[in-house]
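A short write-up of the structure that comes next.
Each chain gets a letter, A, B and so on, in the order its sequence line appears, and its residues count up from 1.
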Amino acid sequence: MQNSEEVKTVIGEDVEIVGSVKSASNVKIDGKLNGDLTCKGNAVIGPSANVKGNLNVNSIEIHGHVSGNVNARDRIQLKATANLNGDIRGKRLSVEDGVTFIGKSEVNPQGPSQRGPGQEAAPGGAEAESAEPVVEDKADVRRAGMLGRK
Amino acid sequence: MAKRGGPSVIDGLASVRAAQHAGRGAQGPRLRPSRTRLPAADKPPEAPRKPRGSGPASRIGHTAIPPRNEIVCYVCGYAFVLQGKIEKTYCPKCRHMLEMKHFVLEDEVGGVIRTIGTIEITERAKIGADAELVGGRIVVAGDARPARLRAGLSVEIRPGGRLEMERTTAPDLIVAPGGRFASASPVSCRNLTVSGEARARFSVEGLALVRPGGALCGEIRGARLVVEEGGGLKARVSVAKSEGANKR
């Protein structure tokens, strides 16, 4: 989030919220949140924050710990101290070196698909097939060997 | 002033000295240099010079830094760094003579090519089945499927590049802008850089980097992941600092 953008709601380090949070403006979380966050504006998850729940935001910048799915309409930024355990879906993504991220990512600069994160495609569907690596014409690779030296 | 008994010749230096002598102690009017300098008749007056060091430097000095060459011995695999221009060098470990040549393959190629430099396979190259290409960096922009490729540093796949992973050995994999890489089987490498399109199940020991315009699909497991703004990532991701990160 840009510094010029105003953060109207700040959840401090010593605050713990159990339940869902909805906001129409920007939100910054430095404390604990056990529940979902729905935000029409941008969200910042501070380094000391611990969020267990799904995040639905416009843009998000994660420095802290998140266990849940992240669904952003625009941008997702995972900073170096971020620890994300969940799926992400967004339009733009930037990941810094040092991030811990375990989950599925569906980030395409052309725009996200209509499915939410964590929702699997129907078995045998077109996207399920394309999720598996396929052999392309221009890089015809039949069997992959060990590229690197152990 | 001419010396007594010497040749009666007055040169320029003597005349100046005589004038200085007359100005210092001799009788007559003291000669002083004019404080105001008259401008030359044919030249416009010059702007006053700034004192040295007051303005920006008019000349920027450059320090010539010799090129840094990362070298991997193709005999023993020992990696070392040398600076400067190199044509030949010895491996410090096995003492084998290594040649630094850059090859651009455009015609029919067969046999063995060994270098610690770069081998570039162009679109026009026709690689024979007996070809073995051993180089520091291998750039694939053509059909290299029949060849056995062994790179000490990296293999780069450019648009139109085709290779057989079964016959390829390289620590780093680079997918250049416009290049496409796909594999149905897992791929392990040290570092991965994607500026084009890569679709496989990757296991990366070092850094997986997705550049702007690049797209990584499939699966990525490793220690470090960087996605620059504009890069696409549609994959199962397991990136953790510790090795014990469980796959979701």
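- Proximity to chain A (any heavy atom under 4.5 Å) is restricted, for E228(B), to the backbone atoms N, CA, C and O.
- Listed options S105(A), S94(A), G98(A) were ranked by heavy-atom pairs under 4.5 angstrom with chain B; first place goes to S105(A).
- Listed here is the closest heavy atom pair of A235(B) and C217(B): CB-C, 4.3 Å.
- A pairwise comparison of heavy atoms in N69(A) and N54(A) identifies N-OD1, 3.0 Å as the closest pair.
- Among L78(A), L93(A), L84(A), the residue making the largest number of heavy-atom pairs under 4.5 Å with chain B is L93(A).
- A salt bridge between D74(A) and K91(A) is absent, with no side-chain N of the basic residue lying under 4.0 Å from a carboxylate O of the acidic one.
- Salt-bridge annotation for E120(B) and R158(B): present, with a side-chain N of the basic residue lying under 4.0 Å from a carboxylate O of the acidic one.
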